[in-house]
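Reading through the structure tokens given below for one structure.
Letters A, B, ... are given to chains in the order of the sequence lines, protein chains preceding strands, and every chain is numbered from 1. Bear in mind that the values here come from a model prediction, so they are computed numbers and not experimental data.
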2 protein chains.
Amino acid sequence: MLLSSLSLDSASATPVYVQVAQGLAQRIESGQLRAGSALPAERELAAALGVSRVTVRQALALLSQQGLLTRRHGSGTFVTPPPRPGELPSRTLGLLSSFSEDVRSRGQVPGARVLGFERTRPSAQEAMSLALSPGELVYRLRRLRTADGEPLAIEDSTLPAALVGELRPEEVQDASLYALLSARALSPARAIRHLRALNADLTLAPLLGVPVGAALLATDRVSWLAGGRPIEYARAHYRGDRYDFVMELQGGA
Amino acid sequence: MLLSSLSLDSASATPVYVQVAQGLAQRIESGQLRAGSALPAERELAAALGVSRVTVRQALALLSQQGLLTRRHGSGTFVTPPPRPGELPSRTLGLLSSFSEDVRSRGQVPGARVLGFERTRPSAQEAMSLALSPGELVYRLRRLRTADGEPLAIEDSTLPAALVGELRPEEVQDASLYALLSARALSPARAIRHLRALNADLTLAPLLGVPVGAALLATDRVSWLAGGRPIEYARAHYRGDRYDFVMELQGGA
DNA sequence: CAGTGGTCTAGACCACTGA
DNA sequence: CAGTGGTCTAGACCACTGC
């Protein structure tokens with residue numbers, strides 16, 4: 001069998017499970033294990049390699065963590081399909097766009113499911129970002145955003161209640177938030193967005209359908225009206241395996 | 001003891017190790033476990049909670065994966081210090097800047113260590129991004145980029161050899177690559193950068209000093225000269241816990 | 001229902017840290 | 001040197017998948 005040729009050295013400084021992981025990773029990258037194909041069962045691997053099942057599982061967990069393998073309970077362990085789906089037509093870069101527009105420009109169908117909606121007092125973070133005076137209320141909206149029906153991001157939006165006026169739960173169900181603001185002449189004119197990477201925690205992972213620890217692209221965005229008043233503070237956590245940002249840069253130096 | 005109050009239900013649908021992790025996470029977030037403080041030893045926790053050490057380790061691994069805990073071999077398990085360091089003065093946004101400039105604008109001292117330098121044939125990816133005709137050679141440079149001496153990113157740069165001319169190993173040691181190009185009148189005028197999040201693999205993790213699976217911010221950038229010829233293809237992998245990108249967006253709609 | 005991954009156990013030894 | 005996390009074992013049972 002292909003895999004038993006993996007030579008392990010229990011005396012080596014690198015742990016056995018890392019050796020197993022490296023061996024498998026190499027076979028995946030070299031194409032000896034094709035994308036989508038199933039690996040031998042854990043017990044089979046353990047027997048073939050002469051190690052315990054726990055050790056095999058440690059190796060598989062490592063590779064699954066890196067996204068190389070996909071594990072399906074009751075079904076098997078598979079080589080994760082090709083790297084990235086498709087890059088798409090270059091979009092309007094550096095322009096403010098809503099999630100919906102963004103997804104559409106990639107040729108997919110955007111969707112949203114409201115996970116929470118409330119009118120409440122802002123957190124310290126929200127109050128600061130929106131430059132609210134103490135006591136001012138905000139609307140807080142948490143939505144699962146989808147592309148072609150698949151979970152893509154969790155988006156938390158916070159808006160100053162005084163600025164947007166009455167906002168009913170039904171209104172935020174499906175419409176784009178930007179469309180809703182636009183209808184009230186509250187279109188943002190400028191925004192600053194921070195991006196960073198973090199690991200999915202126990203709350204976000206199940207919502208996005210990824211394993212705990214999966215890499216997420218996290219963004220914080222503050223949007224201002226033309227007049228300079230903050231209109232939205234939004235945090236979003238995108239699945240790292242399904243999304244990428246594009247930005248265009250102009251030469252300065 | 002504080003921790004033994006963690007009530008576990010082995011009959012529950014949520015696995016015991018998740019229950020343990022959630023309990024610990026809650027105690028960390030609520031401040032009952034202060035940042036920097038040490039957790040009880042694994043064997044101690046296992047005894048206190050009435051579960052096996054393996055189960056405790058699974059819980060700790062989960063939290064460590066999320067960055068909540070830091071484990072030090074031979075020393076102990078600690079609550080990871082505060083969240084993010086400091087956001088810094090708003091920088092020139094949407095402008096091309098080198099790693100060095102970028103780090104300096106955050107008030108830190110940039111550094112570089114060359115991990116590899118070669119003159120070779122381009123990969124398919126590189127050839128496509130740089131619009132090279134078959135057979136054209138490239139310089140390929142891999143550097144560990146540091147901020148205040150701490151590893152921040154792995155940067156892989158590829159440049160068309162024909163365009164940059166002779167490039168000696170010594171030249172790329174410490175200088176900014178942009179400075180070097182600038183000196184040859186090869187300053188890029190425009191660039192497009194893609195950003196996404198991925199988990200650190202077995203190669204990158206040790207170089208950056210993070211555990212396998214840690215979230216990394218990955219970027220691909222292609223830079224063009226004013227004339228439209230591609231001058232650099234660069235891939236970088238930033239530590240997710242030490243870096244964030246800032247972009248400014250202008251209202252379109 | 002057979003086969004798969006998911007969870008859990010008890011116990012052993014190694015490797016590193018720090019007083 | 002005592003205490004810590006890191007690795008590894010053999011074996012058990014559960015929960016899900018798909019025929």
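A cation-pi geometry, defined here as NZ or CZ lying under 6.0 Å from the six-membered ring centre and within 45° of its normal, holds between A/Arg72 and A/Phe78. Geometric assessment of A/Arg106 against the ring of A/Tyr243 yields a positive cation-pi assignment under the 6.0 Å and 45° thresholds.
Residue order along DNA chain C, read from the 5' end via each residue's closest nucleotide, puts B/Gly50 first among B/Gly50 and B/Arg43. Residue B/Thr77 is the one, among B/Thr77 and A/Val16, whose nearest nucleotide of DNA chain D lies closer to the 5' end (criterion: closest heavy atom). Ranked by how close their nearest DNA chain C nucleotide is to the 5' end, B/Gly74 and A/Ser75 are led by A/Ser75.
For the pair A/Arg242 and A/Pro151, the tightest heavy-atom approach, listed with the atom from each and the gap, is NH1-O, 3.0 Å. Across every non-hydrogen atom of B/Leu202 and A/Ala21, the tightest pair is CD1-CB, 4.2 Å. Taking every heavy atom of both residues into account, B/His237 and B/Leu216 meet most closely at CB-CD1, 4.2 Å. The two atoms that bring B/Leu217 and A/Leu195 nearest to each other are CD2-O, 4.0 Å, heavy atoms only.
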ring-ring contact (aromatic ring centres under 6.0 Å, His included) between B/Phe245 and A/Phe245, worked out:
CA-CA 11 Å; B/Phe245 263 87; A/Phe245 263 86; over 10 Å; no

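Side-chain contact, B/Thr120 with B/Glu118: no donor N or O sits under 3.5 Å from an acceptor N or O. Between the side chains of A/Asp220 and A/Tyr233, at least one donor N or O sits under 3.5 Å from an acceptor N or O. Checked by atom type, the side-chain pair A/Ser123/A/Gln125 shows no donor-acceptor distance below 3.5 Å.
Put simply, chain B comes within 4.0 Å of DNA chain C, heavy atom to any atom, from C/dT7 to C/dT17, going 5' to 3'.
Near-neighbour residues of DNA chain D inside residues 53-60 of chain A, defined by a heavy atom below 4.0 Å, number-ordered: A/Arg53, A/Val54, A/Thr55.
Stem regions for DNA chain D, each three or more consecutive Watson-Crick or G-U pairs with both distances under 3.5 Å and listed by first number, read C:1-18 with D:1-18.
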